[in-house]
Amino acid sequence: MSDKFQRDLLRGSLDLMVLSVLAGGKKYGYLIQKEVREASAARVELPAGTLYPLLHRLEDDGLIRSSWDDSTGRDRKWYGLTAAGKKRLSAQAQEWADYAACIKQILAVAQVQPRTA
């Protein structure tokens, strides 16, 4: 079994992952990468070439807001959720929970058991 998830599986859930991490408060890019990596037990890596276009799109969609701050001794762009982002996070979290339950039910009907570590 691979330690990483397949790229196609991740593609539809990256917004949810980033919004979830930002629900804990404002973060700059590296902190977002680090929290996603840690929360996924290193199964999800978000390279800068994936993360920053995603952050720009989320900002364009009004789901996050950015601001520059140098309080850490270095000028960094910090990202935080907007009210619309919190609403989207809640809706996506419910949708993913429903989807996961559906897949689990289909696997049970097919009598397919996931491997355990």
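Because the structure is a prediction, the values reported are computed rather than measured.
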Practice item. Go through V18 and I64 one step at a time and tell me if the side-chain contact (heavy atoms from CB on, under 4.5 Å) criterion holds. Key: CA-CA 10 Å; V18 170; I64 64 172; 5.8 Å; no
**Study point:** Contacts of type side-chain contact (heavy atoms from CB on, under 4.5 Å), residue A101, not counting sequence neighbours
**Key:**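 With neighbours one apart ignored, the set is empty.
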Point to revise | Cluster companions of W68 among Ile, Leu, Val, Met, Phe, Trp, Tyr (side-chain spacing under 4.5 Å) | key: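 So far as hydrophobic clustering goes, W68 is joined with none.
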**Study point:** side-chain contact (heavy atoms from CB on, under 4.5 Å) assessment of L54 paired with R57
**Key:** CA-CA 5 Å; L54 178 104; R57 184 177 49 74; 3.2 Å; yes
Practice item. Verify the neighbour count for atom NZ of K77: are there more than 12 heavy atoms of other residues, nucleotides or ligands below 6.0 Å? Key: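 Yes.
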Between [atom1] of [X] and [atom2] of [Y], what distance do you get to the nearest 0.5 Å?
X	Y	atom1	atom2	value
K26	R65	NZ	CZ	8.0 Å
L22	M17	CG	CE	13.5 Å
K34	L46	NZ	CG	15.0 Å
D70	R76	CG	CZ	10.5 Å

Exercise for review: Taking only Lys NZ, Arg NE, NH1 and NH2, and the carboxylate oxygens of Asp or Glu, determine whether R37 and E45 approach each other closer than 4.0 Å.
Suggested key: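 Here R37 pairs with E45 in a salt bridge, since their nearest N and O are under 4.0 Å apart.
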Review point. Would L55 and I32 count as a side-chain contact (heavy atoms from CB on, under 4.5 Å) if you check the C-alpha gap in whole Å, the side-chain angles of each, and the deciding distance to 0.1 Å?
Key: CA-CA 10 Å; L55 289 170; I32 296 169; 4.0 Å; yes
Keeping the roles fixed (side chain from [X], backbone from [Y]), state whether a donor-acceptor pair exists under 3.5 Å.
X	Y	answer
S13	L16	no
K86	A23	no
D61	L63	no

Practice item. Check the pair W78, T72 against side-chain contact (heavy atoms from CB on, under 4.5 Å), reporting the backbone distance first and the verdict last. Key: CA-CA 11 Å; W78 290 74; T72 60; 3.8 Å; yes
**Study point:** Transitive ILVMFWY side-chain link L19 to L14, under 4.5 Å
**Key:**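 Same hydrophobic cluster.
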Exercise for review: Tell me whether Y30 is reachable from Y79 by hopping between hydrophobic residues (I, L, V, M, F, W, Y) whose side-chain heavy atoms are closer than 4.5 Å.
Suggested key: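 No.
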Practice item. Please work out which of the three classes, parallel, tilted or perpendicular, describes the rings of Y99 and W96, given edges at 30° and 60°. Key: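 Rings of W96 and Y99: perpendicular, over 60°.
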